[in-house]
Amino acid sequence: MEIAKTYNSAQAEQTWYKYWLDNKFFKSTPDHRTPYTIVIPPPNVTGVLHMGHMLNNTIQDVLIRRARMLGFNACWVPGTDHASIATEAKVVALLKEQGINKADLSREDFLKHAWGWKEKYGGIILEQLKKLGASCDWDRTRFTMDEPLSEAVIDVFIDLYNKGNIYRGVRMVNWDPQGLTAVSDEEVIHKEAQSKLVYVKYKIEGAEEFMTVATTRPETIMGDTAICVNPTDERYTHLKGKNVIVPVVNRVVPIIFDEYVDKEFGTGTLKVTPAHDINDFNLGQKHKLQTIDVLNPNGTISEAAGAYVGMDRFACRKQIIKDLEEQGLVSKIEEIKNKVGYSERTNAVIEPRLSMQWFLKMENVSKPALENVLNGEIKLIPDKFINTYKHWMENVHDWCISRQLWWGQRIPAWYDDKGNTVVAKTKEEAIVQLRIKNAELTTESVKQDEDVLDTWFSSWLWPITVFDPAVIRNGKENANEDLKYYYPTNDLVTAPEILFFWVARMAIAGYEWMGEKPFTNVYLTGIVRDKLGRKMSKSLGNSPDPLDLIEKYGADGVRVGMLLCSPAGNDLMFDESYCEQGRNFANKVWNAFRLIAGFEVGSDAVQSDAQKAAITWFENKLSEQLEIINDHYSKYRMSDALMTTYKLVWDDFCAWYLEAIKPDFIDGKAQPIDKATYDATIGYLESLLKIMHPWMPFITEEIWHLIKERDTKDCIIVAEWPTVKSNLDKKQLAEFEVSKELVAMVRNVRAQKQLSPKEKLEVIEKSEATRSYFDNTIIKLANLSAFSYTKEKVEGAFSFQIKTTEFYIPLAMTLNKEDEIERLTKELDYNKGFLKSVQIKLSNEKFVANAKPEVIEVERKKESDALSKIKTLEEQLSVLG
RNA sequence: GGGAGAUUAGCUCAGCUGGUUCAGAGCACCUGCCUUACAAGCAGGGGGUCACAGGUUCGAACCCUGUAUCUCCCACCA
């Protein structure tokens, strides 16, 4: 068999993904096994695969593949999110390119375009996930706007409305003038900005006095309906009951007094613009002020302003400063730093704006979602996020759930022309309900709310509705088989940025409609950053295209690369060199396989002691490391699990085991290997492939099938995860470590060309490694089993066979007696000190009273260990005199 | 302003109850090797006042108190 020297990943990726799909290895249906379920955080349907997805989905795939191998009924549900704002923006932009204006289209026509777009491009990201190797149950692919899922969203709205948790009200919302919609607080990104603080003079009515008011938003002056000062501010107490004249529009407004105003900031006066600032709005409510909205939805100045009408808000700001300056009404302009809110979706500057919106009262529904995270029913990994979560949940605001868009689930609220409102699933039902309130109702006058619901208002149901969208109206006791079997899911892997948007809300929904948590573990990944610590983003252009990376390093290489640098909950500083490391690892594995594939089993070949020792050792080593790997997995320490696997394969298997068992060359010809060694080696290779499989699905499947002919169903993807040996021989492992040191030292000495063979021998004899080797041997001579050591005695010396060269090491070590005494004394002193400390601890009443029994047990063990060690050392010292 | 977390080798990070796993790993770097699985490799090597200053302790990377720097979240002052 001719095997290429370097591993060709692209080919394996194509072959195996299709093979797995065809054989339905990803498919899951309820059966007698325990389920292990993950629902994908649905990527935006507009999305293309970026580094964040890669990280996220690789972790999910690793978890699901391992669960599958552990014998669980593994189900990973894929899907996409309709992402109302992002998608609508994209479709609007696309239509614009075609010369179509959204405003000219009817709602129905626009939605037709949007659906068309979704059908055409909506599946791209899922196809990309397949390239990565994602082993989702693709038959279960869902979309948050699938008919049944949308219906569930409407059911939920109606249910919450009937429970009295949804209300409609005029509120200050974050208005996105570009997207022409309200966005939630969480979708506003505050960025530090350099702003001008303009000091504007307001004339006091009936006096030649002016009041100076500092503002960063002079364009809202036309909306001023009061000036506010702190009642304790002595500078202004004489102005009680006075009015001022607002510049530009010459409106007379009162001076009001409120504790809210900070005396120290600016001039200690605040212009109150209730329509354009949340705090001003609150002040306006409190002091019953008039509200004048000077901005149009698109951010231009409105008719109500009475000046600068139609001008853009930023242009107006510049112009108004100029005009005020000309009128001598600007006393000074300061440069200050403040925070400006930007829309996460469109990056437009957010405008606080009054509008009629639908809200969900959070206080009634959010309690269980908080309690069950605090009591550990739902685990956040890493748990440092619990505090953040708690803080948010305790201060949660009502959720504005309406969006002024067309793409999404339309709010099932209906109005008649008399101002009555009802909530109903269909127009027919709405008419019935409205008739009760309005006897003269005509069918034509019934109008549905124009707005749609926030995207998160559908995705918060995701872990429920992907299985059974009808459960909301049927009730949880009538859930279908799927939901009963798969819910609650096991793990959720997502980014901490959407802990509140999504995770918290899913928890709320889970308890509200299922009475149970939606997931047990929430693994929060970090944010993928570049080497300089900047967030990877399209606009910065610092994000590599994941598909290019796959092409360059192979999917396995990229997967390994991503996870090598991603400790849970920490951001990861991504660098392509990690992928290179991943690819190199894949190649290493490939070559280990090449070596083994080249072995020829000879019927006459006998197993050497070295081979025997190596086999025993590796069996222990494999078990020992597997136990560690399992432990890392159980704590979701993915990078550690991977690194342990990496070192097990590279260092232990390739560098030591294979080197030890590989047959010698005689006359340029590789010797045959005995069957026992060969079989053991194949067995180890198979175990290692299984352990590697979750990380590197393609290469492991490829090699799995190249090792021997297998049945079509005998794939590594469904192979059984190896088990840990119960009787681990720790002593043997420790002894082998000593041998390794010796071998390394001998190799090193051998390589020193300037030394003669005799000199080399001397160096070896005197080396620390040899001494420590014999230290061990003297104590446990009978147990010696170093792989490179053979038992024959040559004239009072042991013969060490290390590769092709032999070294003779005298049995009686000529150690320097003084040195040895010094060493032993030092060690003895240390142990005595250690013993003393343990004993102090154990005699400490407070410690004994407070410590757990196990902790005391550990201390007692330390004490007895130290005692026996001291005894041994004293014996050794007495022998030396 | 409120809260959370971090600071250990050039980089990314481990280090669990304070001590015989205590200063570690991987990568990068340096030196020597194209040796018969692998140069995408092998063998060796250098490198850290554990951010700083105090304290507690027989003993501190680890506990306490300050300081500095960074990151994130929440709120936000015109």
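Just so you know, these numbers come straight off a predicted model, no measurement behind them. So you know, we letter chains A, B, ... as the sequences are listed, proteins then strands, and number each from 1.
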### A/E351 bridged to A/R217 by N-O distance under 4.0 Å
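So A/E351 pairs with A/R217 through a salt bridge.
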Does the side chain of [X] get closer than 4.0 angstrom to OP1 or OP2 of [N] through an N or O atom?
X: A/K5; N: B/C38; answer: yes
X: A/N584; N: B/C38; answer: no
X: A/Y553; N: B/A40; answer: no
X: A/W650; N: B/A40; answer: no
X: A/H397; N: B/A75; answer: yes

Examine [X] together with [Y] and report whether their ring centres are nearer than 6.0 Å.
X: A/Y633; Y: A/W695; result: yes
X: A/F593; Y: A/W590; result: yes
X: A/Y684; Y: A/Y657; result: yes

Of the nucleotides [options], which has the atom closest to the [X] side chain?
X: A/N591; options: B/C38, B/A40, B/G5; value: B/C38
X: A/M643; options: B/A37, B/C73, B/G26; value: B/G26
X: A/F500; options: B/A14, B/G26, B/C73; value: B/C73
X: A/L658; options: B/A37, B/G5, B/A78; value: B/A37

Distance (rounded to the nearest 0.5 Å) between A/L595 CG and A/I661 CD1
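Nearest 0.5 Å value for the CG-CD1 distance: 7.0 Å.
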Let me know the distance between [atom1] of [X] and [atom2] of [N], rounded to the nearest Å.
X: A/I673; N: B/U36; atom1: CD1; atom2: P; value: 19 Å
X: A/F574; N: B/U12; atom1: CZ; atom2: P; value: 15 Å
X: A/Y646; N: B/G41; atom1: OH; atom2: P; value: 8 Å

I want to confirm an ordering. Mapping A/C654 and A/A214 to their closest nucleotides on RNA chain B, which one lands closer to the 5' end?
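Checking each residue's closest nucleotide, the 5'-ward one belongs to A/C654.
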* Asked: Taking syn as any angle within 90 degrees of 0 and anti as the rest, which one fits B/U67?
  ->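 The base of B/U67 is oriented anti (glycosidic angle more than 90° from 0).
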ask   = With no angle test and no hydrogens, is the base of B/C38 tied to the side chain of A/K588 by a donor-acceptor pair under 3.5 Å?
value =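 Looking at the base of B/C38, it does pair with a donor or acceptor on the side chain of A/K588 (distance under 3.5 Å).
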For the base of B/A28, is there a side-chain donor-acceptor partner from A/Q581 under 3.5 Å away?
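Such a pair does not exist between side chain and base.
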Which base sits across from B/C72 as a Watson-Crick or G-U pair, both distances under 3.5 Å?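 Its partner is B/G3.
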**OP:** Please give the nucleotide sitting opposite B/A28 as a Watson-Crick or G-U wobble pair, both distances under 3.5 Å, or none.
**Re:**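 With both distances under 3.5 Å required, B/A28 matches none.
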Original post:
With sugar-phosphate meaning primed atoms plus P, OP1 and OP2, does A/T215 contact a base, only sugar-phosphate, or nothing at under 4.0 Å between heavy atoms?
Top reply: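 Since only primed, P, OP1 and OP2 atoms lie under 4.0 Å of A/T215, the category is sugar-phosphate.
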- Between B/C50 and B/A61, how far is it from one C1' atom to the other, in whole Å?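 The same atom, C1', in both gives a distance of 5 Å.
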